[in-house]
There are 2 protein chains.
Amino acid sequence: MARKTKAEAALTRQKIVQCARQVFSQAGVSNTSMEDIARKAKVTRGAVYWHFRNKSDLFMAVRADTGSLLQLSHPTEKSPLRRLELSLQNALQRLTGESGTQETYQVILWKCEFVGEFSPVRDDLMLGGENFVQEVAKLYRTAQQEGQIDPAVDTLLLARETFCFFVGLLKLWLADTAAQSFRPQASPLITQYLQQKQAWGKHALTVSRQKPKSNS
Amino acid sequence: MARKTKAEAALTRQKIVQCARQVFSQAGVSNTSMEDIARKAKVTRGAVYWHFRNKSDLFMAVRADTGSLLQLSHPTEKSPLRRLELSLQNALQRLTGESGTQETYQVILWKCEFVGEFSPVRDDLMLGGENFVQEVAKLYRTAQQEGQIDPAVDTLLLARETFCFFVGLLKLWLADTAAQSFRPQASPLITQYLQQKQAWGKHALTVSRQKPKSNS
DNA sequence: AGATTTACATACATGACTGTATGTAAAAGT
DNA sequence: ACTTTTACATACAGTCATGTATGTAAATCT
């Protein structure tokens with residue numbers, strides 16, 4: 001019952017966040033009470049309410065504690081399409097390797113209702129998504145300039161398509177909790193998806209070498 | 001207070017389902033009480049509990065009352081890729097036109113926690129998805145045989161990709177409740193997505209007419 | 001060293017929400 | 001015509017979760 005030092009307090013706070021994430025991902029956000037979390041963290045509700053105003057506040061902390069999957073990695077890679085693929089594959093690997101990340105996205109995509117106090121979270125997610133789309137669009141533009149993808153396609157639209165694809169992929173990957181049917185296919189899915197994008201490049205090279213196109 | 005005839009009872013049941021769907025889509029499943037639904041349907045909880053065992057039972061009824069978006073339409077269309085596009089576009093149109101359909105999918109994709117009694121629903125959704133994937137894979141196979149898409153790609157994997165794309169599209173479409181940013185782009189997104197698939201066909205034709213490939 | 005704040009644990013008040021039990025009048029069966 | 005269901009409305013009991021108020025001992029401040 002001795003009062004904790006500042007560092008110890010930070011630790012219990014961190015533990016509460018971790019346990020909240022776990023319980024959320026198992027029982028869903030609405031279904032877990034503050035006491036469920038407290039019990040798992042081996043504290044009382046008093047501790048939880050001291051660190052967080054309410055459940056949605058705690059939920060925000062859980063999110064803030066988790067890194068975003070939707071960001072480009074491998075900045076040294078020079079091929080834009082290859083870099084995008086590595087980023088997506090890396091996201092999958094993080095999902096597999098980092099249990100906390102997997103739990104958080106499990107909550108976000110299957111175990112949470114974006115209503116009331118949680119609506120801002122959805123908007124925030126969409127904002128992050130739009131950010132990702134813009135960065136991917138840049139990649140696609142340079143790839144287009146390098147003649148790797150069809151100059152006819154709208155790169156911004158293409159980036160949105162990729163975003164849709166990846167959101168769906170994440171959702172289905174997380175749905176396959178038994179890791180039986182979908183998860184093994186996820187990585188080849190990404191590979192083939194991006195191979196198609198540059199498939200044009202191969203054919204276009206063959207074509208343009210024999211018959212240059214006129215600008216439209 | 002007069003007892004209702006069988007037909008009238010069926011009507012109140014239907015009304016309860018409709019109101020449940022509306023309230024679910026606005027407040028989320030966990031956040032709505034049986035009385036919320038009863039009030040909206042202008043009955044008491046007694047009526048609701050007479051027709052449905054509990055909330056999850058009512059939720060199943062709401063789902064059963066809604067047609068699936070994930071099915072091929074336009075069976076007369078002979079071009080497989082065109083048929084797929086028409087099906088996806090049709091799904092979007094139904095989402096826009098049929099308020100009940102939109103509400104149900106709003107619930108499924110943003111306002112529901114697939115936990116406990118609701119876990120079977122997720123599995124059922126995935127099953128329906130796998131069914132859709134198989135049908136789309138058939139379309140892709142015939143398209144491939146007709147030389148419309150790259151013979152190198154795995155059509156089953158391609159169908160899963162399309163499923164991912166569409167799931168993500170649905171989710172993002174539904175997130176844009178203001179119908180401002182994403183929804184206007186959804187239809188062109190589908191169009192461009194499927195145009196890319198047959199882009200290979202065009203180039204391949206050009207190439208093969210000038211320089212026939214050898215079989216590998 | 002004393003005063004003050006911190007980091008909780010404990011206790012309390014309150015309010016949903018659920019499920020069931022009971023009542024009831026009319027419809028449906030015979 | 002009489003009995004039995006039906007289709008609810010009403011009433012009741014009980015659980016559970018929330019938020020706050022209070023207590024407290026030690027850490028931190030001055």
Side-chain angles (χ1 to χ4, degrees), chain A residues 1-24 26-62 65 107 111-113 115-118, chain B residues 1-24 26-62 65 107 111-113 115-118:
Chain A
M1 310 307 173
R3 181 195 160 189
K4 307 288 177 59
T5 169
K6 267 203 160 189
E8 287 172 321
L11 280 181
T12 63
R13 191 199 127 103
Q14 183 60 20
K15 187 166 189 183
I16 290 171
V17 169
Q18 281 178 24
C19 293
R21 183 167 42 210
Q22 284 182 231
V23 184
F24 282 162
Q26 284 162 15
V29 175
S30 306
N31 245 333
T32 71
S33 68
M34 293 300 245
E35 206 191 312
D36 290 336
I37 297 164
R39 201 177 308 148
K40 184 130 197 172
K42 287 169 186 167
V43 293
T44 64
R45 269 170 55 245
V48 181
Y49 273 103
W50 197 88
H51 284 287
F52 309 95
R53 287 188 183 171
N54 48 36
K55 197 158 69 175
S56 72
D57 189 29
L58 177 46
F59 177 80
M60 307 299 180
V62 167
D65 189 56
V107 171
K111 312 284 182 68
C112 180
E113 299 180 8
V115 158
E117 306 227 46
F118 292 87
Chain B
M1 312 303 178
R3 180 195 159 189
K4 307 286 177 60
T5 170
K6 267 205 160 192
E8 286 172 321
L11 280 182
T12 63
R13 191 199 127 102
Q14 184 59 22
K15 187 166 190 184
I16 290 171
V17 169
Q18 280 177 25
C19 293
R21 183 167 42 210
Q22 283 180 232
V23 184
F24 282 161
Q26 284 161 16
V29 175
S30 307
N31 247 331
T32 71
S33 68
M34 293 301 244
E35 207 190 312
D36 290 336
I37 297 164
R39 202 178 306 147
K40 184 131 196 169
K42 287 170 186 165
V43 292
T44 63
R45 269 172 54 245
V48 181
Y49 273 103
W50 197 89
H51 285 286
F52 309 95
R53 286 187 185 170
N54 48 35
K55 197 158 69 174
S56 72
D57 188 30
L58 177 46
F59 178 80
M60 307 300 180
V62 167
D65 190 56
V107 171
K111 311 286 182 68
C112 181
E113 299 180 8
V115 158
E117 306 228 45
F118 291 87

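In what follows, every chain begins at residue 1, and chains take the letters A, B, ... in the order their sequences are listed. Remember, predicted model here, so these are calculated numbers, not experimental data.
- Nucleic acid contact for B:T5: sugar-phosphate only, since backbone atoms but no base atoms lie under 4.0 Å from a heavy atom of the residue.
- When the side-chain nitrogen and oxygen atoms of A:T12 are compared with OP1 and OP2 of C:dA7, none of them lie within a distance under 4.0 Å.
- For the pair A:T32/A:Q26, no side-chain contact is recorded, criterion being any heavy-atom separation below 4.5 Å from C-beta on.
- Rounded to an integer number of Å, the gap from CG of A:L11 to C1' of C:dA7 is 13 Å.
- The shortest distance between side-chain heavy atoms of B:W50 and B:R13 does not fall below 4.5 Å.
- Heavy-atom distances to DNA chain D give each of A:D36 and B:V48 a nearest nucleotide, and the one nearer the 5′ end belongs to B:V48.
- A:E35 places its CD atom 12 Å from the C1' atom of C:dA9, with the value rounded to the nearest Å.
- The nearest heavy atom of DNA chain C to A:K6 and to B:G46 marks one nucleotide each, and the one closer to the 5' end goes with A:K6.
- D:dT15 atom P lies 20 Å from atom CE of B:M34, rounded to whole Å.
- No side-chain donor-acceptor contact under 3.5 Å links B:D57 to the backbone of B:N54.
- Atoms OH (B:Y49) and P (C:dT22) sit 18 Å apart, rounded to a whole Å.
- Protein atom CZ of B:R3 is 6 Å distant from nucleotide atom P of C:dA28, rounded to whole Å.
- In this entry the distance linking CZ of B:R39 with C1' of C:dT18 reads 15 Å, nearest Å.
- One N or O on the side chain of A:E113 and one on the backbone of B:S30 form a donor-acceptor pair closer than 3.5 Å.
- Take the nearest nucleotide of DNA chain C for B:T32 and for B:A7: the residue whose nucleotide is more 5' is B:T32.
- Applying the 4.0 Å criterion to OP1 and OP2 of C:dC8, one finds that A:H51 has a side-chain N or O inside that range.
- Between D:dC16 and A:S33, no contact under 4.0 Å exists linking OP1 or OP2 to a side-chain N or O.
- Counting only heavy atoms from C-beta outward, the side chains of A:L11 and A:K4 never approach each other to under 4.5 Å.
- B:R45 places its CZ atom 14 Å from the C1' atom of C:dT22, with the value rounded to the nearest Å.
- Atom C1' of nucleotide D:dG19 and atom CH2 of A:W50 are separated by 17 Å, given to the nearest angstrom.
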